[in-house]
J.: 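This is the structure I have questions about; it appears just below.
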Amino acid sequence: MHLSDLKTGEKAYIVKVKGHGGFRKRIIEMGFIKGQEIEALLSAPLQDPVKYKVMGYEVSLRRQEAEQIEVSYEILRSVDENPMTSTSTPRDQQHNTTGIKELTVALVGNPNCGKTSLFNFASGAHEHVGNYSGVTVDAKEGYTHFGGYRIRLIDLPGTYSLSAYSPEELYVRKQLVDDTPDVVLNVIDASNIERNLYLTTQLMDMHLRVVCALNMFDELELRGDKLNVDKLSSLLGMPMVPTSFKTGRGLEQLLSEVIHIFESREGHDEYYRHFHIKHDHEIEDGINNIQKYLKGNDLLRMRYSTRWLAIKLLEMDKEVDAILRELPDYDKIIEARDTAVRRIKEETGDDSETAIMDAKYGFIRGALHEAGYVVGVKEDTYKTTHRLDALITNRWAGFPIFFALLWVMFEVTFTLGQYPMDWIDAGVGWIGEWVSETMDDGPLKAMIVDGVIGGVGAVIVFLPQILILYTFISLMEDSGYMARAAFIMDKLMHKMGLHGKSFIPLIMGFGCNVPAVMATRTVESRRARLITMLVLPMMSCSARLPIYIMIIGAFFAQKYQSWVMVSLYAVGIVMSVIVARILSRWVIKGEDVPFVMELPPYRFPTAKAIFRHTWEKGKQYLKKMGGVILVASIIVWALGYFGTMGVAPSLEDSFIGMLGKLMEPLFTPQGFDWRLDISLLTGVGAKEIVASTIGVLYGDAYNFTPLVAYAFLIFVLLYFPCIATIVAIKNESGSWRWAWFAALYTTGLAWVVSALVYQVGSLLL
Ligand code: GDP
Ligand code: MG
């Protein structure tokens, strides 16, 4: 029987994970191992994905993925073994306590274990703490002073393992191997200790100086778990400190352990020893045989633990393979590996990867058992989470709740945002007038009033709305709702070649596309991430709003106005669906790499956190304003102010007027005149500028039809997002190629769709 056959509420035991490659590895690392109990908790509204509980952790799998997992109602074998030995092999590590007392500490741990919270507590920095996995993709650096040291902290992306599977894992591994931090701070979610320790065993293989933070200890205590922390520390040979970075508990002790480990020598005390995780003899033989060849190479030995290399080689790690390829005995090494792999297969019936993984989990279970680990019987801490989830991801209630929340979000954003908007608008007007009155006439005054104040003012007006929108988004993220939204949207997103997690950036796109493009980092699959950022510009950002308001207000009767507005948003969404499907079908090919969506427990976000995250996102908007928009406004102003004969007598004679005339033939199919063409051109800098340009060019005398107006709105919606967004796409996709692609296809699409609107409309009306 397969996991997909398991009905909600039923429990079974895992027999085997089928499939291959990254999926299989990932699934096993998440705790889907032989003999493990698994429970089907609930399924998304469309019966896909389904949420499971394994090793006390909740994960969601798509049906297709669940079909790869064989389960049985009966437990098959006893899994309580304890393959542990303590071969203490001190390594002669050089102490770099020379001169300045500085040390580098890298934070390593699963996603959502609290690394960024720790980082923020220690360094006082304002990093985003998201309640869904993978927010941190770059390493963030911060400093803290403690015990006479200046401690450099590096917040690395969350990983379940250090295999060469995902970019994050490779990145973390590279940091650990190449940039060798002085001490590794392994952050562990103590409420999911068994699974989190898997990563710890990999750090042990790498033979690093490790201190563990048993974070979320508050949750462990709340649940009434029992665990002898000292015992576990000595069993694993590394100091472990209970912490909670909701409150900052344990931080000082943690830092003093870090310094202690840094200053002391391995093997001299109980909490700083090196262990090998003992494998079955065929694996050990294989490791030894491979190690024989590696040990001869001094350069290699200095950089890596040869045992680690051997283990990784047995796990068929491509990176390690590439490192070893340089060696003269490469052929012999591979021969040794293949022999070992064959023998492991013969004797255990498993491939070497699985056999090694099994041994690690065996080690973890053994260690936890000896440390008296008992899962509490007290109140289920996830009870509220479960109750909420039953409602929020319910087949019938899920979507209505979700759309209701979205509606509230936009409604509040636009109605509540109107007040501060009006105030700022009045303020900007007042400053403009004051400058007009106090300064002497001339180009400088014109530049300041029309260029700087007019241009930037048109943009700053939207700051309150953006901040309100971001407050909602931060609330949804930090409380854990976003993860559920991604969960229920997963199937639909999947149909577009996207992933459930793509949904979060798409929603953010309604505020401003720039932070939204940055937020695509949370999407693990490169393909889905790329498609998400390419269709993002069609989410109508708030910069387009002033243009809509201006044009709709002038051309459509009151009773149609809101419908026209809604239709624009809808056209954007529909277009993005179509484009995403086309892109995933024909342009950005590649396998749909499956990965697991975590459903973290619901948490009450703190006011401080919400404030911080809202500000983080708002800051990017302000940056855009201070940079691109300021420069673009001045350029637009200058092009409109000057002509071939110096100061232009009228706009028509200015440079921008000439440009517009030049462009006119390009936009005849849309029925646009030169003034509209110019405003589109100015919108390349930032869409907000379109509105102010129209204001300048027409005054109040618009002389085109509602049909042209609508075609124009469609064009504004779809074409070239803005320079800042394109630059963000370049940064996140890592190439100008995709940035150019985004710039060109959106403009082409806008041209075609708005021409269609105008031509078809002319026939009908
Ligand atoms: P990261 O993915 O490892 O960087 O984890 P984050 O620092 O982003 O934390 C994930 C979530 O766990 C956030 O909502 C934090 O507020 C929360 N969190 C962090 N540490 C603790 C803790 O010790 N106890 C509890 N209850 N929650 C925590
Ligand atoms: Mg983080």
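All ligand and atom numbering here is 1-based and tracks the order in the structure.
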J.: Return the orientation label for the His207 and His274 ring planes: parallel under 30°, perpendicular over 60°, tilted otherwise.
T.: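 Parallel, since the angle between the ring planes stays under 30°.
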J.: If I take atom CD1 from residue Ile154 and atom OG from residue Ser123, how far apart are they, to the nearest 0.5 angstrom?
T.: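 OG of Ser123 is found 12.0 Å from CD1 of Ile154.
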J.: Does at least one non-hydrogen atom of Asp478 fall below 4.0 angstrom from an atom of ligand 1?
T.: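 Under 4.0 Å: no for Asp478.
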J.: For ligand 1, which part of Asp218 has a heavy atom less than 4.0 Å away: the side chain, the backbone, both, or neither?
T.: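 For Asp218, the contact with ligand 1 is made by the side chain alone.
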J.: Hey, does Phe217 come in under 3.5 Å of ligand 1, counting only N/O atoms on both sides?
T.: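 So ligand 1 has no N or O lying under 3.5 Å from an N or O of Phe217.
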J.: Report yes if the side chains of Glu58 and Tyr52 come closer than 4.5 Å at any heavy-atom pair, otherwise no.
T.: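 A side-chain contact is absent here, since even the closest heavy-atom pair is not under 4.5 Å.
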J.: Mark up the atoms of ligand 1 that fall under 4.0 Å of a heavy atom belonging to Glu219, in ascending order.
T.: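 Close to Glu219: 25 (C), 26 (N).
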J.: Could you see which bit of Lys115 sits under 4.0 Å from ligand 1, with heavy atoms only: side chain, backbone, both or neither?
T.: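 Both backbone and side chain.
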J.: Show me which atoms of ligand 1 lie under 4.0 Å from any heavy atom of Ser244.
T.: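 Contacts of ligand 1 toward Ser244, numbered from 1: 22 (C), 23 (O), 24 (N).
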J.: May I ask you to list the atoms of ligand 1 that are less than 4.0 angstrom from any heavy atom of Thr116?
T.: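 Close to Thr116: 1 (P), 4 (O), 7 (O).
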J.: Give a yes-or-no answer on whether the side chains of Tyr198 and Asn110 include a donor-acceptor pair shorter than 3.5 Å.
T.: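 Short answer, no.
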J.: Show the atoms of ligand 1 that are less than 4.0 angstrom away from any heavy atom in Ser117.
T.: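 With Ser117 as reference, the close atoms of ligand 1 come out as 6 (P), 7 (O), 9 (O), 15 (C), 19 (C).
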J.: Does a side chain donor of either Thr104 or Arg152 reach within less than 3.5 Å of an acceptor in the other side chain?
T.: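 Thr104 vs Arg152: donor-acceptor pair found between side chains.
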J.: Does Cys113 reach ligand 1 with a nitrogen or oxygen that is under 3.5 Å from one of the ligand's nitrogen or oxygen atoms?
T.: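 Yes; the residue has a nitrogen or oxygen that sits under 3.5 Å from a nitrogen or oxygen of the ligand.
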J.: If you measure every N or O of Asp155 against every N or O of ligand 1, does any of those distances drop under 3.5 Å?
T.: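 Checking ligand 1 against Asp155, no N or O pair falls under 3.5 Å apart.
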J.: Does any donor atom in the side chain of Ser163 or Glu169 lie under 3.5 Å from an acceptor atom in the other side chain?
T.: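 On atom types as modelled, these side chains qualify, holding a pair under 3.5 Å.
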J.: Measure the acute angle between the ring planes of Phe402 and Phe399, then classify it against the limits of 30° and 60° as parallel, tilted or perpendicular.
T.: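 Aromatic pair Phe402/Phe399 classed perpendicular.
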